[in-house]
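Okay, structure first, notes after.
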Amino acid sequence: MIDRSLSVLKVALGSFKGRVAAAWLLVVIVAAVFAPLLTPYAYDLQTLSQAFQPPSASHWLGTDEFGRDLMTRLMYGARTSLSVSVVAIGLSVSLGLVFGAIAGYFGGRVDRAITVVVDLTWSFPEILLALILVAIIGPGVTGTLLAIGVAYLAQFTRLARGQIMSLRSETFVEAARSLGASDSFILAHHLIPNTLAPVLVTAMLATGDAIILEATLGFFGLGAQPPTPSWGGMMSSGTAQLFRAPGIILFPGLAVALTVIAINIFGDALVAAMDVRSRERKA
Amino acid sequence: MLLGVDTLSVSIGGAMPLEGIRFDIRKGEIVGIVGESGSGKSLTALAITGLLPLIGGRVSAGSISFEGTDLTKLSPRERRAYNGRRIGFITQNPMTALDPLQRIGEQVDVVSRLHLGLPPHAARARTVELFRQMRIAAPEAIAEAYPHQLSGGMKQRVVIAMALAGEPDLIVADEPTTALDVTVQAQIIHLLAEEVRNRHIALMMITHDMSIVAQLCDRVAVLYAGRVAEVSDVRALFAHPAHPYTRALIDCIPRPDMARGALTGIPGAVPAVADYPSGCRFHPRCPRATDLCRTQVPALVTDGRDSHACHHSLRDTHG
């Protein structure tokens with residue numbers, strides 16, 4: 001499994017686009033993980049005399065209306081954005097796989113029950129669903145995380161269900177059954193692994209969407225609460241200073257855009273690399 | 001008697017595509033099931049392997065006894081214990097019979113591990129040995145390969161090895177070579193027959209190739225439109241077929257001494273389940289059909305292990 005993942009990664013990094021995207025993602029991840037070590041300032045250190053500084057040697061991206069270092073806040077913001085969206089998507093992927101597999105494999109009444117609920121949530125746009133959920137759970141990191149997780153649950157349940165349903169009638173499943181494999185064995189050894197590739201790819205792309213959704217909730221003031229920085233929250237406070245210090249809204253906006261684009265490009269490269277067939281052909 | 005199928009009927013939805021099937025298989029015997037497409041050969045295989053639920057079918061009457069146990073009366077869990085261990089199954093299409101994401105070896109190993117309780121290391125050794133017996137060159141390397149790296153013939157050898165891995169007493173092979181090149185068909189089918197003979201495993205082979213039946217089988221069951229036309233010893237069947245349908249099938253085998261244009265085939269086609277004619281279902285295509293055939297369903301006349309269902313049996317004329 002490990003050398004398989006490694007070789008997928010190697011192929012994905014084979015293209016120039018893939019390498020650039022991966023490099024940017026690596027930068028963002030390193031910045032997020034090591035933010036406390038890399039930044040000379042505290043993210044909530046206010047120095048009002050230093051407010052609205054343009055980019056300079058001591059403040060690479062300038063400062064905001066409270067004189068806080070924007071670079072520092074951007075790096076801490078990456079922590080919030082990345083962890084919330086990755087954990088939220090992880091939540092929807094794992095729950096979606098379980099629900100989708102059950103619905104797709106066993107069919108019948110269970111399938112109908114799951115499908116009805118899923119279709120109901122599917123009929124709302126993600127942002128609306130997330131807003132409703134945050135309103136119920138309450139603003140903050142946990143609320144945003146759960147809201148995004150549930151907002152994308154329908155997508156993964158449907159995807160897994162469809163995959164499992166079409167795989168269920170494959171000859172190799174019939175063959176496994178004819179050789180005495182149980183339902184759980186077939187699900188765990190044949191159906192879920194064969195579902196994983198499209199699900200992981202969708203998960204990758206959904207993580208990009210989730211970053212935007214997280215930023216949107218943050219922009220509405222429903223995400224991480226001040227003084228904890230998040231990209232959406234920074235942009236929100238930047239709107240008031242749009243003409244005085246455009247950097248406050250520009251840099252987090254750029255961070256969101258670049259990260260989402262990088263995720264999409266890298267996701268595409270992974271799709272190509274993950275196909276067993278194409279990999280072997282290149283090897 | 002290893003397997004006894006007795007007046008087996010299968011229904012799917014409201015239709016009954018299989019009705020009153022009766023034949024048996026002894027230990028170590030190779031039995032061919034023949035008939036045109038749509039005559040119920042594959043359904044019979046699915047019924048015996050317990051896979052009918054996959055296509056939404058069920059056994060509606062009759063029994064399938066395996067060493068005295070009626071398989072149709074077992075719970076799904078008890079039924080599953082037979083699959084792979086006592087009854088092996090070789091599917092029609094080897095191209096899709098293997099999981100594309102798993103290495104070949106792992107897929108065969110798991111059968112020995114599950115059914116014979118072998119530890120991983122021993123299971124792999126057994127897999128390699130089975131591959132060697134199936135004349136797979138470089139068996140260790142093939143075990144590490146993925147299915148898409150193998151040719152169709154190679155995959156079918158692997159699938160046969162999988163069916164053999166659980167040391168079953170009966171293997172059901174559903175047209176094991178139809179999806180393959182003509183050149184490898186004969187190779188694979190002879191290899192299968194040879195391995196089965198060496199191990200004294202019974203083989204129920206579904207085919208529509210009468211020449212394969214003549215070469216390899218001990219006994220034959222001829223099905224037509226969901227019913228048994230004739231069950232017989234292979235020599236008797238070819239020498240003195242009782243049913244006109246069997247005669248017609250035999251006449252469809254090309255022979256080198258045939259005059260140009262003499263090979264005619266059987267006019268018409270097997271009717272669909274919804275259009276089954278009254279009386280003998282073969283009567284619209286039968287040269288010997290009479291009014292009796294159009295109205296009365298011929299009874300399955302049994303003589304020892306042989307049986308046939310025809311009002312105007314050819315054997316009566318032979319007398």
Side-chain angles (χ1 to χ4, degrees), chain A residues 1-5 7-8 11 97 101 104-108 111 160 163-201 270-283, chain B residues 42 45-46 48-56 76-103 106-108 110-115 145-149 155 158-166 168 171-174 179:
Chain A
M1 199 63 204
I2 291 170
D3 38 290
R4 191 143 118 194
S5 318
S7 65
V8 167
V11 176
L97 261 180
Y105 190 72
F106 294 105
D111 179 30
Q163 287 287 324
I164 300 267
M165 279 180 93
S166 73
L167 286 167
R168 198 176 53 168
S169 53
E170 287 282 335
T171 316
F172 65 83
V173 174
E174 183 187 338
R177 190 173 291 277
S178 78
L179 290 170
S182 61
D183 285 335
S184 51
F185 183 92
I186 289 176
L187 268 171
H189 284 81
H190 294 297
L191 298 182
I192 303 237
N194 274 288
T195 308
L196 230 46
V199 166
L200 286 183
V201 168
L270 273 188
V271 180
M274 202 127 54
D275 186 3
V276 177
R277 272 143 287 217
S278 77
R279 186 169 82 236
E280 296 292 337
R281 232 172 275 135
K282 276 179 191 165
Chain B
S42 294
L46 290 180
I48 292 170
T49 49
L51 298 177
L52 280 177
L54 287 187
I55 55 161
R77 181 180 288 269
E78 291 168 327
R79 182 69 192 73
R80 209 168 60 223
Y82 281 83
N83 281 354
R85 180 67 191 90
R86 309 301 307 277
I87 303 176
F89 185 46
I90 298 171
T91 51
Q92 207 165 35
N93 189 353
M95 303 315 284
T96 53
L98 297 165
D99 187 332
L101 289 188
Q102 276 183 43
R103 290 175 199 277
E106 294 168 22
Q107 303 190 44
V108 185
V110 78
V111 181
S112 321
R113 289 169 62 182
L114 181 71
H115 293 301
Y146 287 98
H148 69 272
Q149 297 168 301
K155 276 187 212 172
V158 171
V159 172
I160 294 173
M162 269 173 101
L164 291 170
I171 288 184
V172 176
D174 187 359

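Just so we're on the same page: letters track the sequence lines, and every chain starts at 1. Both backbone and side-chain heavy atoms feed into the values below; hydrogens, waters and symmetry mates do not. As the structure is a prediction and not an experimental result, all values here were calculated from the model.
- Rounding to the nearest 0.5 Å gives a distance of 9.0 Å between CG of B:N83 and CZ of A:R177.
- Contacts of B:M95 with chain A are absent, with no heavy-atom separation under 4.5 Å from either backbone or side chain.
- Contacts between B:T91 and chain A at a heavy-atom distance below 4.5 Å involve the side chain alone, from C-beta outward.
- The shortest distance between side-chain heavy atoms of B:D99 and A:N194 falls below 4.5 Å.
- Contact of B:I55 with chain A is not made at all, since no heavy-atom distance falls under 4.5 Å.
- The CG atom of A:L179 sits 9.5 Å away from atom CD1 of B:I90, with the distance rounded to the nearest 0.5 Å.
- Here the shortest heavy-atom pairing between A:E174 and B:L46 reads OE2-CD2, 3.8 Å.
- Between A:S178 atom OG and B:I48 atom CD1 the span is 13.0 Å, to the nearest 0.5 Å.
- In plain terms, the two heavy atoms of A:A175 and B:A97 that are nearest each other are CB-O, 3.8 Å.
- Shown here for A:G180 and B:R80, the closest heavy-atom pair between the two residues is O-CG, 3.7 Å.
- Contact annotation for A:A176: neither backbone nor side-chain heavy atoms come within less than 4.5 Å of a heavy atom of chain B.
- Interface summary for chain A: among B:M162, B:R85, B:Q92, the most heavy-atom pairs under 4.5 angstrom belong to B:M162.
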Given side chain to side chain contact (heavy atoms under 4.5 Å, CB included), test B:V110 with A:F185 step by step and report yes or no.
-> CA-CA 11 Å; B:V110 78; A:F185 183 92; 3.4 Å; yes
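- If you measure heavy-atom distances from A:S182 to chain B, the contacts under 4.5 Å come from both the backbone and the side chain.
- With a 4.5 Å cut-off on non-hydrogen atoms, B:L98 touches chain A through its backbone but not through its side chain.
- No part of B:V159 comes within reach of chain A, as not one of its non-hydrogen atoms sits under 4.5 angstrom from that chain.
- Looking at A:F172 and B:P100, their side chains come closer than 4.5 Å, going by heavy atoms from C-beta outward.
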